[in-house]
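Here the structure comes first, spelled out in structure tokens, and everything after it is commentary.
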Amino acid sequence: MDCKILGAPVQDGAGRMGCEMGPSALRTAGLAGALRELGHRVADLGTILPATVRPLAHGNLALKALPEISAWTAGIAEAAYDVSADAMPIFLGGDHSISAGTVSGLARRAAEAGRPLFVLWLDAHPDFHTLDTTASGNLHGVPLAYASGQPGFGGYFPDLPVAVDPKRICAMGLRSVDPAEREALNQAGVTVHDMRAIDEHGIAPLLRAFLARVAAQDGLLHVSLDVDFLDPSIAPAVGTTVPGGATLREAHLVMEMLSDSGLVSSLDLVELNPFLDERGRTATLMVDLTASLMGRRIMDRPTLSHSGSF
Ligand SMILES: NC(=[NH2+])NCCC[C@H](N)C(=O)O
Ligand SMILES: [Mn+2]
Ligand SMILES: [Mn+2]
């Protein structure tokens, strides 16, 4: 496959600094080499630039860096649209606010191709606040609401050319959801598999059902992987750790199933804060997970042959 790597060193959307080093750490951990080893053609296109920052005032005085994140969103959306014409883009965050841009640019591309865009949001958080409901004011808490066309972004974030249908979004791994987000997710009809559902059913059947929907509609699938989807014991390099996250094997299984599905058309790797890492272990894990998503296997063939019914 043709992969294109793009850095989006955004940190103003997070509550603490450090995510601007994320792209460097993922490159240093050997992302491009790992993909080439799997037989992919890889081009690293460097760093996305934000659009011009213009002053913006909003009634929610908690909002932080609104002009900057709005400008980044415009620049990233443009880059995501351009790059997705003929390759699989891998966006290196940067905090999760970059996904306001990646998802909106990819949705515009998918609409032009006449394909429905689905989004798999792997995260401890739904990032489903609007500019009005966020109490922290950290704009990495809003990208999924923006990209799915929730109200209140007009005039502040770039006009959304095409919204992702909330019914085509699946959020997995949630374990920290604010009341306004819970309400909005239910209203919008987003599929949510929180950690309790994962514990109770296992992650595989939940993912399999979503992938079947994507396949049935001949959809494109964007995967947005937040470091805090993972349990902090295996992935400490994130500013918003929440205990009780996905295990190493749950995360790899998700990636392996995504790989088998052949449906993934783009990927975000976000929220890595190398300042909080322990000798690069989280960056290395994110690279290993990407390798699983792109075809790395323990054995060449599925270890267990089965007739389709367990
Ligand atoms: N991308 C993230 N890590 N988001 C965390 C958001 C946490 C919380 N919901 C907030 O709005 O501040
Ligand atoms: Mn997130
Ligand atoms: Mn998160």
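Counting starts at 1 for both ligands and their atoms, in listed order. Hydrogens, waters and symmetry mates are skipped; everything else that's a heavy atom, side chains included, is used.
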Worksheet item: For atom 6 (C) of ligand 1, which candidate among Val142, Asp127, Thr134 provides the closest heavy atom?
Response: Asp127
Worksheet item: What is the distance from atom CG of Leu31 to atom CZ of Arg36, rounded to the nearest 0.5 Å?
Response: 9.5 Å
Discussion item. Please determine whether His140 has a backbone or side-chain N, O or S atom lying under 2.8 Å from the Mn ion (ligand 2).
Written reply: no
Response to the item:
Among the N/O/S atoms of Asp123, the Mn ion (ligand 3) lies closest to OD1
Worksheet item: Side chains of Val264 and Leu220: does their closest heavy-atom pair fall under 4.5 Å?
Response: no
Worksheet item: In ligand 1, which numbered atoms sit nearer than 4.0 Å to a non-hydrogen atom of Glu181?
Response: 9 (N)
Practice prompt. Dump the intermediate steps for side-chain hydrogen bond (donor to acceptor under 3.5 Å, both in side chains) on His222 and Ser266, then the final yes or no.
Written response: CA-CA 5 Å; His222 176 66; Ser266 49; 2.8 Å; yes
Discussion item. Just to confirm my output: which protein heavy-atom neighbour is closest to atom 7 (C) of ligand 1, and how far is it?
Written reply: His125 CD2, 3.7 Å
Discussion item. Under 2.8 Å from the Mn ion (ligand 2), is there any N, O or S atom belonging to Asp228?
Written reply: no
Item to complete: Apply side chain to side chain contact (heavy atoms under 4.5 Å, CB included) to Leu230 and Glu250, showing your working.
Response: CA-CA 9 Å; Leu230 306 163; Glu250 282 171 332; over 6 Å; no
Worksheet item: So is Asn138 polar-close to ligand 1, meaning N/O to N/O under 3.5 Å?
Response: no
Worksheet item: Counting each atom of ligand 1 from 1 as listed, which ones have a heavy atom of Glu271 under 4.0 Å away?
Response: 1 (N), 2 (C), 3 (N)
Worksheet item: Of the protein's non-hydrogen atoms, which lies at the shortest distance from atom 3 (N) of ligand 1, and what is that distance?
Response: Thr240 OG1, 3.1 Å
Discussion item. Could you check whether Asp44 pairs with Lys4 (Lys NZ or Arg NE/NH1/NH2 to Asp/Glu carboxylate O, under 4.0 Å)?
Written reply: no
Worksheet entry | Proximity of His140 to ligand 1 by residue part, where a heavy atom lies under 4.0 Å | both
Practice prompt. Please confirm if an N, O or S atom belonging to Asp226, backbone or side chain, lies less than 2.8 Å from the Mn ion (ligand 3).
Written response: yes
Worksheet item: Is any NZ, NE, NH1 or NH2 atom of the basic residue among Arg175 and Asp194 found under 4.0 Å from an Asp or Glu carboxylate oxygen of the other?
Response: no
Discussion item. Does either side chain, that of His96 or that of Ser224, offer a donor lying less than 3.5 Å from an acceptor on the other one?
Written reply: yes
Practice prompt. Kindly confirm whether the Mn ion (ligand 2) is within less than 2.8 Å of some N/O/S atom in Asp95?
Written response: no
Worksheet item: From His96, does some N, O or S atom reach closer than 2.8 Å to the Mn ion (ligand 3)?
Response: no
Item to complete: I would like to know whether Lys64 and Asp12 meet salt bridge (charged side-chain N to carboxylate O under 4.0 Å, His left out); could you show each step before the answer?
Response: CA-CA 8 Å; Lys64 296 171 196 153; Asp12 288 343; over 6 Å; no
Discussion item. Which of the numbered atoms in ligand 1 are under 4.0 angstrom from any heavy atom belonging to Asp226?
Written reply: 1 (N), 2 (C), 3 (N)
Discussion item. Any carboxylate oxygen within less than 4.0 angstrom of a Lys/Arg side-chain nitrogen, looking at Arg54 and Glu68?
Written reply: no
Worksheet entry | Qualifying residue for salt bridge (Lys or Arg N to Asp or Glu O under 4.0 Å) with Glu256, from Arg297, Arg296, Arg249 | Arg249
Worksheet item: Who's the nearest protein heavy-atom neighbour of atom 12 (O) of ligand 1, and how far?
Response: Ser136 OG, 2.6 Å
Discussion item. Report the atom name of the nearest N/O/S atom of Asp127 relative to the Mn ion (ligand 2).
Written reply: OD2
Discussion item. Among all the protein's non-hydrogen atoms, which is closest to atom 8 (C) of ligand 1, and how far away is it?
Written reply: Asp178 OD2, 3.6 Å
Fill in: Heavy-atom check, side chain of Thr290 versus side chain of Leu267, under 4.5 Å
yes
Discussion item. For a 4.5 angstrom cut-off between non-hydrogen side-chain atoms, does Glu271 reach Leu225?
Written reply: no
Worksheet item: When you look for heavy atoms under 4.0 Å from ligand 1, do you find them on the side chain of Asp228, its backbone, both, or neither?
Response: side chain
Worksheet entry | Name of whichever N/O/S atom of His125 is nearest to the Mn ion (ligand 3) | ND1
